[in-house]
J.: 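What follows is a single structure, and I will ask about it in a moment.
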Amino acid sequence: EPARWREGVVVLRIGANSFGMDDGLDQFARDPMGAGIQGEVAQCLSQVRAAIALVHAKHEQTRFVLVGTSHPGNVGAAARAMKVMGFSDLVLVAPRFADVLSREETVAMASGAADILVRARIVETLPQALAGVTWACATAMTPRDFGPPTVAPRAHFESIANAPPDIAFVFGSERFG
């Protein structure tokens, strides 16, 4: 829906840091404890923490939407990450397993975030998951030739802080991104 793209749907291009350029990943694989790599990791973590704090300060009810999950452990890990960041609204769109929220692997990977799983909702379509959301950010590994604008996450977080209060981050699917 192109009209909606201009009204608050943005695709965040992940992997847009120096690890994705200049053989950064190869260098990291060869010497993960190297001073240069450790500096990059520290800088990246610092920026992620600042971005999360910025979004959380103005958008406590940020929704996280996982589309087409097929691996229960990923649902649990997402719930745990959300808990650590202080977020709690998780919605799953058409997961592979209808009982994914109560599967043993999901619960194990959620470790300490059972409350996120208990409140999580399962819906059939992305429009259902985004009901009430005024600003949605999806993720993609590569820039797209179609659809909403694609931006790097760091450049976009400031505008998210000033976005309408009901925002969502959309991830998935595990297979197609």
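All residue numbers in this chain count up from 1 along the given sequence. The basis for the numbers below is simple: all heavy atoms, side chains too, and nothing from hydrogens, waters or symmetry mates.
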J.: For residues Ala129 and Arg63, report the shortest heavy-atom separation together with the two atoms involved.
T.: O-NH1, 2.6 Å
J.: Are the side chain of Thr134 and the backbone of Asp166 linked by a donor-acceptor contact shorter than 3.5 Å?
T.: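 Yes; judged by distance alone, with no hydrogens or angles, the pair exists.
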J.: Is the shortest heavy-atom distance from the side chain of Val93 to the side chain of Val170 under 4.5 Å?
T.: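 No. Closest side-chain heavy atoms not under 4.5 Å.
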J.: Mind checking the CG-CG spacing from Leu92 to Leu66? Nearest 0.5 Å is all I need.
T.: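 So the CG of Leu92 and the CG of Leu66 are separated by 5.5 Å.
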J.: As a quick check of understanding, evaluate salt bridge (Lys or Arg N to Asp or Glu O under 4.0 Å) for Asp89 and Arg121, giving each step before the final call.
T.: CA-CA 8 Å; Asp89 190 2; Arg121 299 179 312 281; 2.9 Å; yes
J.: Could you tell me whether a side-chain N or O of Thr106 sits under 3.5 Å from a main-chain N or O of Val100, the two making a donor and an acceptor?
T.: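 Pair found, side chain donor or acceptor close to backbone of Val100.
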J.: Taking Leu90 as the starting point, is it possible to reach Met109 by hopping between hydrophobic residues whose side chains are less than 4.5 Å apart?
T.: no
J.: Are Val123 and Leu126 connected in a single hydrophobic cluster, I mean Ile/Leu/Val/Met/Phe/Trp/Tyr linked by side-chain heavy atoms less than 4.5 Å apart?
T.: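 Shared cluster, yes.
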J.: Within a radius of less than 6.0 Å around CE of Met82, do more than 12 heavy atoms belonging to other residues, nucleotides or ligands occur?
T.: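 Counting neighbours around CE of Met82, more than 12 heavy atoms of other residues, nucleotides or ligands fall under 6.0 Å, so yes.
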J.: What is the minimum heavy-atom distance between Arg80 and Ala110, and which atoms define it?
T.: CB-O, 3.5 Å
J.: Using the six-membered ring wherever Trp is involved, compare the ring planes of Phe64 and Phe87 and label them parallel, tilted or perpendicular (cut-offs 30° and 60°).
T.: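 Rings of Phe64 and Phe87: tilted, as their planes differ by 30° to 60°.
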J.: Taking the side chain as everything from C-beta on, heavy atoms only, tell me whether Ile122 gets closer than 4.5 Å to Leu101.
T.: yes
J.: Can you establish whether the number of heavy atoms outside Arg103 located under 6.0 Å from its atom CZ is more than 12?
T.: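 Enclosed.
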J.: Flag the pair Lys83 / Asp115 as yes when at least one side-chain heavy-atom distance between them is below 4.5 Å, and no otherwise.
T.: yes
J.: Give me the atom names and distance for the closest heavy-atom approach of Phe97 to Ser70.
T.: CE1-O, 3.5 Å
